[in-house]
Amino acid sequence: PDDASANYTYTSESKESLDQGLPPYVLPGSIWEEKWRASNPNGWKLLFENKGTYWVEGNWKSLENLYIKDPIGFHGPDQNGWTLVHEAARSGKADVVKWLLERNADPFHVTNEGLGFTALQIAEDYHGTDHEVYSILKNHMEQKDSHDASNDEL
């Protein structure tokens, strides 16, 4: 793949492609669908849906595909109430935290059915308040609080 494919913007058409077993760059009903299916008789699918493995490996395209496939479920918690933003905060992955926040990850979510910690608290516990992940989360949460407060005044 060239650099242009790394900057591909996913659309409702690419989500439709995923739903029909096509890669996101092949539009259903296009002339390329028939050619692609002829060259790929077994179809296209994600090999597995382990979000954590994808971001550890830096596999952004697979993460983006999972997000397109199910944006709400993508941010869902595991059995302990941890989401990807909690995991990224714990590991100190600033690029992953930014990417997740850009895709509406909830930094206010508290682990352990509300008895645990936010991603910000986890970042502070693991890395301190001088760490980039802590700053990203704190700034994002403050902006969100400020935006929500201004909307309440309307």
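Values in this document were obtained by computation on a predicted structure and should not be read as measured data.
- Looking at heavy atoms from C-beta onward, Arg90 lies in side-chain contact with Glu87 at the 4.5 angstrom threshold.
- Applying the 4.5 Å side-chain rule to ILVMFWY residues, one finds that Ile72 remains a lone member of its cluster.
- Of all non-hydrogen atoms in Ala89 and Leu137, the two that sit nearest each other are CB-CD1, 4.0 Å.
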Go through the steps for Tyr134 and His127 under the test side-chain contact (heavy atoms from CB on, under 4.5 Å), then give the verdict.
CA-CA 8 Å; Tyr134 179 87; His127 307 289; over 6 Å; no
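- Qualifying ring pair (Phe, Tyr, Trp, His ring centres under 6.0 Å) partners for Tyr67, counting only residues two or more places apart in sequence or in other chains: Phe74, His75.
- Rounded to the nearest 0.5 angstrom, Lys35 NZ and Ile31 CD1 are separated by 5.0 Å.
- For residues 102-112, the pairs satisfying side chain to side chain donor-acceptor pair (under 3.5 Å) are Glu64-Arg103, with sequence neighbours left out.
- Shown here are the side-chain hydrogen bond (donor to acceptor under 3.5 Å, both in side chains) partners of Glu34, two or more places apart in sequence or in another chain: there are none.
- Applying the side-chain hydrogen bond (donor to acceptor under 3.5 Å, both in side chains) test to Lys138 and every residue at least two apart in sequence or in another chain returns Glu142.
- Other residues sharing the hydrophobic cluster of Leu115, ordered by chain and number and joined by side-chain separations under 4.5 Å: none, the residue standing alone.
- The two residues Thr129 and Ser135 make their nearest non-hydrogen contact at O-OG, 4.3 Å.
- Between Val133 and Val96, the closest side-chain pair of non-hydrogen atoms is not below 4.5 Å.
- Among residue pairs with one or both ends in residues 111-137, those qualifying as salt bridge (Lys or Arg N to Asp or Glu O under 4.0 Å) are Lys98-Glu132; sequence neighbours excluded.
- With values rounded to the nearest 0.5 angstrom, Ile68 atom CD1 is found 11.0 Å from Leu63 atom CG.
- Nearest approach of Ser91 to Lys93, heavy atoms of both residues: OG-CG, 2.9 Å.
- Note that the CG atom of Leu66 and the NZ atom of Lys61 stand 14.5 Å from one another [nearest 0.5 Å].
- The shortest non-hydrogen separation linking Val85 to Val97 is CG2-CG1, 4.5 Å.
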Would Leu120 and Phe108 satisfy side-chain contact (heavy atoms from CB on, under 4.5 Å), going step by step from the backbone distance to the final call?
CA-CA 8 Å; Leu120 180 67; Phe108 295 94; over 6 Å; no
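- Here Phe117 sits in one hydrophobic cluster together with Trp82, Ile122, Tyr126; the rule is ILVMFWY side chains under 4.5 Å apart, joined directly or through other members.
- When atom types are taken as modelled, the side chain of His86 and the backbone of Thr83 share a donor-acceptor pair closer than 3.5 angstrom.
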